[in-house]
Amino acid sequence: MNDHDLDALFAQARAPTPADAGAAGRFLSGHHQRLTRQRNIRAGWISTLLASAAAVAGLTVLRPAPELPASAAYGVYQSAWGDGW
């Protein structure tokens, strides 16, 4: 093969054909479907996670905190300031 034959072969390989356009269209439509499916899955997980967080936050707000005796509050205050306050 000489240089002229190689140049002609490369020029033929670079020239788009109708089959190339069809293959590109099939690839792009499949790629678009895969991206859409991934977005839908991701959106489903995010909405589930947010709903779970809202349920946990609602349960913690609705359930009152237990009352601490005065001695427990004093113990916390004393431990925060140290022994020699």
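The structure presented is a predicted model; accordingly, all values stated were derived computationally and were not measured. This chain uses plain numbering: 1 for the first residue, then up along the sequence.
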State the CD-CZ distance between Q33 and R37, to the nearest 0.5 angstrom.
-> 7.0 Å
Output all residues satisfying ring pair (Phe, Tyr, Trp, His ring centres under 6.0 Å) with F10, sequence neighbours left out; order by chain, then residue number.
-> none
Is the number of heavy atoms from other residues, nucleotides or ligands within 6.0 Å of CG (D5) greater than 12?
-> yes
Which atom pairs, one a donor and one an acceptor, fall under 3.5 Å between side chains of residues 40-56 and the rest of the protein, sequence neighbours left out?
unit_1	atom_1	unit_2	atom_2	d
N40	ND2	T36	O	3.4
S47	OG	A43	O	3.2
S47	OG	G44	O	3.0
T48	OG1	G44	O	2.8
S52	OG	T48	O	3.0

